[in-house]
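Take a look at the structure set out below.
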Amino acid sequence: MLSLPQNTALRAGLLMVLAMGSFVCNDTIVKLVGQSLPVGELIALRGLMAVGLLTAICLSQGVLHELPRIRQASVLLRSGCDVVATIAFVTALMHMQIANLTSVMQAVPLAVALLSAAFLGEEVGWRRMAAIAGGFIGVLLIVKPSVTSFNLYEFLALLIVFFVAVRDLLTKTIPARIPIFVVALANASFVMLGGAGLALVQGVQWPEAWQVGLLALAACFLSSGYLLMVATLRAGEVTATAPFRYSVMIFSILSGILVFGEYPDWIAICGMALIVACGLYAARREALRARMLSDSARTPAP
């Protein structure tokens, strides 16, 4: 049995690293199977297995009776965003280096801050805006858009960032009374149905035993990643675990090199470093802002 450190911050950081490793293992398996199985069918099969696992977890937690609560508009909209993001992500994953796509996804927190300022009226200072701009410059260094080389899959990478950012904003509006496991189950169910719908358009082929086995393993990694993320949020503050989130880029680079023979070029590596630097700075500014608001709230009025 894994023994975790007693230090709260270190424990939360380790859980975050394990979560990121689980997500990359899932992505690696999906990219492998996706070379011989249509994207829609792959998403539907993996989704079916994930739904089974999450249903069992909801049963064990005694929260399955809360399932009707998914009719909440914010839950439905969140799940819809994840359907689009998942289909776009798996499609892009089949045609992009896993490290590049994973690195682009690290711009999501910056996109969340930008959308919060634009649509929710959240105050974003010039320092955070500079970090957001720097992060998106890093994204451009990775995808290297140009009139002659910019393709559909690089556009999908940018689209994924937008939909995942909207999904994360919607997550904040979900009432606390709805258990997180129920939200995850609703999400997995919608993604499974979205994959099934795409499979009807793309066509279906009978999967081989090794493909089903690998997708079952991918579903386990995906589910464990979500559960580890929940454990991370319960064990420590989001801002404290932010640096550990970027371990996903190390895992994805190793996966690309060891499994697919993909080596990111120096421009892409510079883009990755810029995204990490800007993301960490933005997280630090957010932590300082939250601390200032907390201190002002505790200060008694004169």
Side-chain angles (χ1 to χ4, degrees), residues 18-60 79-80 82-105 151-154 156-157 159-160 163-164 184-229 248 251-264:
L18 292 174
M20 295 301 102
S22 294
F23 287 135
V24 172
C25 287
N26 164 72
D27 294 342
T28 301
I29 294 171
V30 166
K31 188 173 176 68
L32 282 170
V33 177
Q35 296 170 358
S36 57
L37 203 65
V39 168
E41 184 176 355
L42 183 157
I43 293 173
L45 285 174
R46 186 192 63 173
L48 180 62
M49 298 169 189
V51 166
L53 285 171
L54 289 169
T55 299
I57 292 170
C58 287
L59 279 171
S60 68
S79 298
D82 216 31
V83 170
V84 177
T86 299
I87 292 174
F89 181 86
V90 175
T91 301
L93 186 62
M94 297 303 111
H95 300 87
M96 289 181 65
Q97 291 190 13
I98 186 172
N100 286 5
L101 181 57
T102 302
S103 300
V104 170
M105 292 298 297
N151 58 47
L152 170 65
Y153 308 111
E154 290 162 342
L156 283 178
L159 189 68
I160 297 163
F163 273 98
V164 174
L185 177 56
N187 195 80
S189 300
F190 274 79
V191 170
M192 177 191 67
L193 293 175
L198 180 60
L200 293 176
V201 176
Q202 291 181 328
V204 178
Q205 68 183 55
W206 189 259
E208 298 181 23
W210 69 269
Q211 293 171 325
V212 175
L214 282 179
L215 287 177
L217 185 60
C220 291
F221 277 122
L222 184 63
S223 299
S224 66
Y226 283 132
L227 295 177
L228 285 165
M229 282 296 295
V248 71
F251 289 128
S252 63
I253 290 173
L254 290 174
S255 171
I257 293 173
L258 299 176
V259 181
F260 303 105
E262 300 172 345
Y263 293 84

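The analysis underlying the following values was restricted to heavy atoms, covering all of them including side chains, and did not include hydrogens, waters or symmetry mates.
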Quick one: are [X] and [Y] in side-chain contact, heavy atoms under 4.5 Å?
| X | Y | value |
| --- | --- | --- |
| Ser22 | Leu228 | yes |
| Pro207 | Leu45 | yes |
| Met192 | Ile43 | no |
| Leu222 | Val30 | no |
| Val84 | Ile160 | no |
| Met49 | Val212 | yes |
| Val164 | Phe89 | no |

Does [Y] offer a backbone N or O that forms a donor-acceptor pair with the side chain of [X] under 3.5 Å?
| X | Y | result |
| --- | --- | --- |
| Gln35 | Met94 | no |
| Lys31 | Met96 | yes |
| Gln211 | Val33 | no |
| Ser224 | Phe221 | yes |
| Thr102 | Ala99 | no |

Could you list the residues that satisfy side chain to side chain donor-acceptor pair (under 3.5 Å) with Ser79, not counting sequence neighbours? none

Which residues satisfy the side chain to side chain donor-acceptor pair (under 3.5 Å) test with Asp82, sequence neighbours excluded? Arg167, Asn187

Any salt bridge linking Arg46 with Glu41? Criterion: basic side-chain nitrogen under 4.0 Å from a carboxylate oxygen. no

What is the minimum heavy-atom distance between Thr55 and Leu185, and which atoms define it? OG1-CD1, 3.5 Å

Between Ile98 and Ser255 the two heavy atoms that sit nearest each other are CD1-OG, 3.8 Å

